[in-house]
Asker: 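Handing you a structure now.
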Protein chains: 2
Amino acid sequence: MKLISLPASPFARKARVVVIELGLQNRVEIVDPGVVTPVSNNEGLNDINPLGMIPSLVLDSGEGLYDSPVICEYLNHIGGGSLFPDNIDARFKALQLQALADGIMDVSVALRYELAMRPAELHWQAFIDNQAEKIERSLAQLEQQCDEFSREPTIGELTVACALGYRDFRFAEADWREVHPKLAKWFESMMGRESLSLTVPI
Amino acid sequence: MKLISLPASPFARKARVVVIELGLQNRVEIVDPGVVTPVSNNEGLNDINPLGMIPSLVLDSGEGLYDSPVICEYLNHIGGGSLFPDNIDARFKALQLQALADGIMDVSVALRYELAMRPAELHWQAFIDNQAEKIERSLAQLEQQCDEFSREPTIGELTVACALGYRDFRFAEADWREVHPKLAKWFESMMGRESLSLTVPI
């Protein structure tokens, strides 16, 4: 199967991290679709995913699978992984953490589109400020929570690492480490994993 | 437990539909948080969900659970439902359909924010056009697919109904029925369900 992915996309990174965590590199080919922005169209991608979004998985049947939580759960299933725990309490804890980290990525990508793609004269400062507050509150929550993160990472912890990596990639000037020292230490230890070190956004 | 919800939110509607489908009305109190927009802050909601997003579920322990796919899967679990099928093929079919319909809602809400909340002089026409194309392609895909929809609705079919309901609610001028007659017929039959007829957005 093929994973339509871009090196800069945090959601695509999450899927690539899962591929590596599960040792599925020989079964999943990473395909670069070319330019994908909120104002571009990419016909090959659109044929697979009418929403035109990254990542999308192309199954051997030719069918498309998305969005990133669905792709990751599918990869976990075919790879026989435990990134989505079977135990119900652990499962919902992992899904909840994934949702929070996905939300940080969603808001960060929306901010990136606003600041780097939308023409400067069309920026909406109230929106920019509000999104930045969502990020701050969410990072503060992770700082509180990270003592309880699973030692054996689930999809939740892996997504948090991708979200923090995206902050470093696109918002390096907003240093999150100083006010979130526990989270910074946790992130540093996570970056020892091959899945994360091999997929740093570029 | 409490479901923080707003009558106009398609994602909150999905969760309310699931509550009714599973007969959980006595266990889930619906709570209106007041105004939630991309430029507003709502402290009560932010305490539960730092992303400040609707819907959010407040468990009896006081913990928050989100986003809508996680809430719906949790409700399905405690309600002993089959909206998220156990059979693997059926499960991923349902999750895939949910993701497509959630995507239509995401793009529609983003368009609504652009057109109705962002000051008119800050509108970005290239973005508006691109989002409208995503919707058109996705509805065309549903028109093709709807013959294969499950007769006993899964979370996928229920989400599609919420997405179409949101189109009618916020984009009534863009008549999707004429070019998608099979989907229109399917939607009409779905609206016979109490879960959907009781939650029409207002």
Asker: Which of parallel (below 30°), tilted (30 to 60°) and perpendicular (above 60°) describes His77(A) and Phe92(B)?
Answerer: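 If you compare the ring of His77(A) with that of Phe92(B), the planes turn out tilted.
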Asker: Should the heavy atoms of other residues, nucleotides or ligands under 6.0 Å from NZ of Lys182(B) be counted, would the total exceed 12?
Answerer: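 Yes - once you tally the heavy atoms of other residues, nucleotides and ligands closer than 6.0 Å, there are more than 12.
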Asker: Under 3.5 Å, is there a donor-acceptor pair between the side chain of Arg118(A) and the main chain of His123(B)?
Answerer: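 Checked: no pair found.
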Asker: side-chain contact (heavy atoms from CB on, under 4.5 Å) for Met53(A) and Val107(B)? Distances and angles first, verdict last.
Answerer: CA-CA 11 Å; Met53(A) 286 174 179; Val107(B) 171; 4.0 Å; yes
Asker: Does atom CG of Asp147(B) have more than 12 heavy-atom neighbours from other groups under 6.0 Å away?
Answerer: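 More than 12 within 6.0 Å, yes.
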Asker: How many angstroms lie between CD in Gln96(A) and CG in Leu65(B), if you round to the nearest 0.5 Å?
Answerer: 5.0 Å
Asker: Heavy-atom pairs under 4.5 Å with chain A - which of Lys134(B), Glu136(B), Gln98(B) has more of them than the others?
Answerer: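 Maximum pair count with chain A is reached by Lys134(B).
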Asker: Taking side chain as everything from C-beta outward and backbone as N, CA, C, O, which of these in Gln141(B) sits under 4.5 Å from a heavy atom of chain A? Side chain, backbone, both or neither.
Answerer: side chain
Asker: Should the heavy atoms of other residues, nucleotides or ligands under 6.0 Å from CD of Gln125(B) be counted, would the total exceed 12?
Answerer: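 Count over threshold, so yes.
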Asker: Could you have a look at Asp67(A), Ile88(A), Asn49(A) and say which one has the most heavy-atom pairs with chain B under 4.5 angstrom?
Answerer: Ile88(A)
Asker: Which heavy atom in Leu51(A) sits nearest to a heavy atom in Ser138(B), and how many Å separate them?
Answerer: CD2-OG, 3.3 Å
Asker: Would you mind checking which part of Glu114(A) comes under 4.5 Å of any heavy atom in chain B, side chain (CB onward), backbone (N, CA, C, O), both or neither?
Answerer: side chain
Asker: Tell me, do Glu73(A) and Leu95(B) make a side-chain contact under 4.5 Å, heavy atoms counted?
Answerer: yes
Asker: Indicate yes or no: at least one non-hydrogen side-chain atom of Glu121(A) is less than 4.5 angstrom from one of Glu121(B).
Answerer: no
Asker: Please name the pair of heavy atoms, one in Val70(B) and one in Ala99(A), separated by the smallest distance, quoted to 0.1 Å.
Answerer: CG2-CB, 4.3 Å
Asker: Can you establish whether the number of heavy atoms outside Asn87(B) located under 6.0 Å from its atom CG is more than 12?
Answerer: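 Result for CG/Asn87(B): enclosed.
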Asker: Would you say Glu63(A) has more than 12 foreign heavy atoms packed within less than 6.0 Å of its CD?
Answerer: no
Asker: When rounded to the nearest 0.5 angstrom, what distance separates CH2 in Trp124(B) from CH2 in Trp124(A)?
Answerer: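 Spacing of CH2 (Trp124(B)) from CH2 (Trp124(A)) equals 15.5 Å.
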Asker: Please determine whether side-chain contact (heavy atoms from CB on, under 4.5 Å) holds for the pair Tyr66(A) and Leu100(B), giving the CA-CA distance in whole Å, both sets of side-chain angles, and the decisive distance to 0.1 Å.
Answerer: CA-CA 8 Å; Tyr66(A) 46 88; Leu100(B) 176 55; 3.6 Å; yes
